[in-house]
Structure formats: C-alpha cells, structure tokens
Amino acid sequence: MIFRLGYVAMTLNLEKCSPSGTVTVTVFNKLPSEEARMYRLRKITRSNLENTLRILRYNQALNIKVYRFTSKLIPLATHPSIEHWDYVSDFKDEFREIGDFVKENNFRVSAHPDHYTLINSPDAKVIEDSIKDLDYHVKIYEAMGLEDYKYKLVMHVGGLYKQKKASIERFKENFVKLPERIRNRIILENDDKSYSALDVLGICKELNIPMVIDIHHHNCVNNGEKLEDLLPEVFDTWNNQEFVPKIHFSSPKSEKDFRSHADSIEFGEFEEFLKVARKVGRDFDTMLEAKNKDSALLKLSEELREVEWVNEINQAEFEITEG
DNA sequence: TCGTGTCAAGATCTT
DNA sequence: AAGATCTTGACACGA
C-alpha cells in the first residue's frame with residue numbers, strides 16, 4: 001500500500017507566491033477605462049499563473065505530487081463584468097506551460113469549485129451560474145492541455161432545501177444532463193452538515209461517480225456508520241479510474257469549534273485512519289486541508305517517518321528530496 | 001506599512 | 001421578511 005499526501009492551493013514557504021490574487025468588483029468597475037480594467041485583469045492573471053508554476057516546481061522539488069489548484073486563477077472569472085474577455089487565448093502559453101509541467105512530472109492535480117456552486121438548487125438561475133462556474137474550471141484544464149478526464153473537480157451534493165430526498169433526486173437529474181466534458185470530471189465529497197458519507201456513497205454508486213470521502217466531515221455527520229465499513233465501498237467507486245482513490249483529511253480546530261480546520265494535522269488521528277485504510281489494503285492519495293497548508297504536510301510526513309509500521313507499508317512517495 | 005473591515009457568489013439559521 | 005452567519009485568503013482603505 002502506497003499513500004501520498006497533497007495540499008490545497010498555496011504554499012507558506014515561498015515569498016509573495018499567492019496563486020489567488022484578485023480585485024473587488026467595486027474597485028474594478030471604478031477603473032477609468034477599458035484599458036485600465038484589462039491591464040489590471042491581465043496583471044493579476046499573469047501573477048497567478050506564474051505563482052502556480054512556481055508552486056508546482058516547489059512541489060516537484062519536495063516530491064509532493066498531489067495538489068489542488070486554486071479556483072481563483074482568473075480574477076472575477078465568472079462575473080458578468082469580464083464575460084467578453086478570452087483569457088484562454090491571452091495566456092495560451094502560460095496555461096500550456098503549467099499543463100506540460102503537470103504531465104511531465106506526473107502530478108495529480110485537482111480543483112474544487114467553491115460552495116456557491118450547486119447543481120441541486122431549486123433556482124434555475126443558481127443552476128445556470130453553477131454550470132458556468134464548472135465550465136470555467138474545465139476550461140482551465142483544457143487550456144492547460146489537461147484534456148484527460150482523470151483531472152477532477154470535487155463537488156458537494158448541495159443544499160437540503162428542507163427535503164433531502166427530493167434534493168438528492170434533483171442532483172441526479174441535473175448531473176446526468178451536464179455536458180460530458182464537465183460530467184466526467186466531477187467527483188463527489190461528503191460535507192460537514194447535510195450529506196453524510198453514506199448518502200454520497202449511494203449517489204456515487206448509482207451514477208458511477210468516484211467518491212472522495214472527507215474523514216473529518218464523516219466525523220461531523222453520520223448516523224453511526226463506521227468508517228471501516230464504508231471505506232472499501234468508497235474506494236470501489238474508483239475501480240474504473242486512472243488514479244487511485246483519494247480522501248480528504250483535516251483535524252478539528254477544537255472541541256467547541258469542531259467543524260473548523262485546525263492549523264495542522266493531528267498525528268494520532270491520521271495514524272488511526274491509516275490503520276483502517278491498511279485493512280482495505282489499496283493505494284490512495286490524501287488531500288490535507290489544514291490552515292498551515294504545505295507546512296502541515298511536511299510536519300505530518302516528518303512524524304510519519306518516525307513510525308516503523310508506516311515506513312514498512314509506504315514507499316516514501318512523499319519523501320523530501322533536497323531541491 | 002500596518003491593522004481591520006470587507007468582499008461575486010447561496011443556504012440556512014436567527015430574529 | 002430581513003439580517004446574521006458560515007468560511008476564507010486577500011483586497012482596500014484609513015490611520
């Protein structure tokens with residue numbers, strides 16, 4: 001069993017390296033001319049793309065192969081103010097360079113449209129905007145030349161709207177209507193309030209969608225289901241996929257503020273999870289969601305290296321190499 | 001330059 | 001029915 005670790009969007013260990021620069025709508029609209037507005041958008045976008053490539057190079061140096069792109073690569077991407085802007089053409093080379101680097105170095109990259117993107121809303125306008133946002137994410141992959149559907153978009157089921165069953169049905173109806181190039185990218189994650197791992201597993205099995213189980217969310221919402229019972233079936237949803245199963249892992253900030261993410265990953269909790277995963281015996285990847293981003297990853301990987309049984313099962317896929 | 005209130009977006013809880 | 005809260009990194013503005 002090999003497992004790898006990844007992190008989300010930004011590194012704490014490179015100076016001035018945000019991939020998520022943006023501009024507020026108010027300020028953007030106050031800029032004096034079309035030229036000024038385009039200049040601002042291009043400047044931010046260039047910086048975001050450059051920083052993304054810097055982060056990937058850094059990841060490569062540390063052999064961190066699992067990474068989630070920020071959703072904010074293009075400022076105001078799906079806002080009506082910039083609908084006319086063809087950012088893909090403007091930054092053709094930059095996108096391509098990122099995608100080439102991903103492919104050359106066998107990264108597993110992903111993206112996670114944020115919680116405003118809901119395909120089970122009863123509101124047609126919300127659905128429309130959500131599809132626009134999904135389309136934006138896929139466009140980014142395509143611009144990078146990451147045409148392979150193995151590069152995924154993680155989503156949640158959506159809102160409850162006081163009727164869980166009907167809301168799940170609406171998810172299914174809208175999901176199957178999505179264009180193929182979007183639909184085949186989507187994978188589903190259990191959330192920390194509404195849809196449990198068991199709920200999501202049911203949807204995933206029915207619609208043949210790979211499932212990402214978020215261990216922390218499972219601890220927030222469940223009806224007594226045991227992780228060890230769920231995990232084999234969750235991993236099975238990946239059987240026809242190129243990449244191995246992926247999970248999300250984070251530690252609660254505190255007992256009182258349980259749902260929030262802590263700065264780091266609590267080692268003991270991760271070790272407990274590994275013991276459950278070992279029983280399943282499959283390779284998998286872990287996306288860590290901690291405030292300390294890659295610093296939390298490096299800390300955890302240090303701690304894991306101290307544990308003999310872990311070293312025996314893992315082939316040091318996340319080993320630090322000097323670079 | 002620094003600290004802090006604010007920010008595109010939806011859902012849901014509180015009043 | 002309207003307003004607050006969720007959650008988050010980064011902006012934007014004023015001191």
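Chain letters run A, B, ... following the sequence lines, proteins first and then strands; every chain starts at 1.
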Tell me: [atom1] of [X] to [atom2] of [N], nearest whole Å?
X	N	atom1	atom2	result
Met10(A)	dC11(C)	CE	C1'	14 Å
Leu12(A)	dT8(C)	CG	C1'	14 Å
Asp192(A)	dT7(C)	CG	P	7 Å
Tyr7(A)	dT8(C)	OH	C1'	18 Å

Go along nucleotides 2-15 of chain B 5' to 3' and tag each nucleotide: B for a protein heavy atom under 4.0 Å from its base, S when only backbone or sugar atoms are that close, - otherwise.
------BBBSS---
Looking for any heavy atom pair under 4.0 Å, which part of the strands does [X] touch: base, sugar-phosphate only, or nothing?
X	result
Ser18(A)	sugar-phosphate
Lys132(A)	nothing
Lys253(A)	nothing

Quote, to the nearest angstrom, the [atom1] distance that separates [N] from [M].
N	M	atom1	answer
dC6(C)	dG3(B)	P	24 Å
dT14(B)	dT7(C)	P	13 Å
dC13(C)	dA8(B)	P	11 Å

If you link ILVMFWY side chains whenever their heavy atoms are less than 4.5 Å apart, which other residues fall into the same cluster as Trp238(A)? By chain and number, please.
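So far as hydrophobic clustering goes, Trp238(A) is joined with Val154(A), Ile187(A), Val212(A).
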Using a 4.5 Å cut-off between side-chain heavy atoms of Ile, Leu, Val, Met, Phe, Trp and Tyr, which other residues end up in the same hydrophobic cluster as Phe258(A)?
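Phe258(A) shares its hydrophobic cluster with no other residue.
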Distance under 6.0 Å and angle within 45° of the ring axis: does Arg278(A) meet both against Trp309(A)?
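Verdict for Trp309(A): a cation-pi partner in Arg278(A).
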Scan side-chain atoms only and decide if Lys164(A) and Ser194(A) contain a donor-acceptor pair under the 3.5 Å cut-off.
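Result is no, nothing qualifies.
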Could you point out which residue of Thr22(A), Thr70(A), Leu73(A), Ile74(A) forms a side-chain contact (heavy atoms from CB on, under 4.5 Å) with Asn48(A)?
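Going through Thr22(A), Thr70(A), Leu73(A), Ile74(A) one by one, the side-chain contact (heavy atoms from CB on, under 4.5 Å) with Asn48(A) is satisfied by Leu73(A) alone.
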Residues from residues 28-51 of chain A sitting under 4.0 Å of DNA chain B, heavy atoms only?
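Heavy-atom cutoff 4.0 Å gives no residues at all.
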Got a sec: does the CD of Gln163(A) have more than 12 other heavy atoms crowding it under 6.0 Å?
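No, CD of Gln163(A) has 12 or fewer neighbouring heavy atoms, counting only those of other groups under 6.0 Å.
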Angle between ring planes, [X] versus [Y], binned at 30° and 60°: parallel, tilted or perpendicular?
X	Y	result
Tyr87(A)	Tyr136(A)	perpendicular
Phe243(A)	Tyr151(A)	perpendicular
Tyr67(A)	Phe69(A)	perpendicular

Would a 4.5 Å heavy-atom cut-off, applied to side chains only, mark Leu53(A) and Arg57(A) as touching?
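Heavy-atom side-chain distance check passes, below 4.5 Å.
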Quick one: which residue pairs count as a salt bridge (charged side-chain N to carboxylate O under 4.0 Å, His left out) with a foot in residues 82-93 of chain A, not counting sequence neighbours?
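For residues 82-93 of chain A, and leaving out neighbouring residues, the salt bridge (charged side-chain N to carboxylate O under 4.0 Å, His left out) pairs sorted by first residue read Arg42(A)-Asp90(A), Glu83(A)-Lys132(A).
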Could you spell out the base pairing of DNA chain B as a dot-bracket line? Use Watson-Crick and G-U wobble contacts where both distances are under 3.5 Å, [ ] for crossing pairs, | for partners on a different strand.
|||||||..||||||
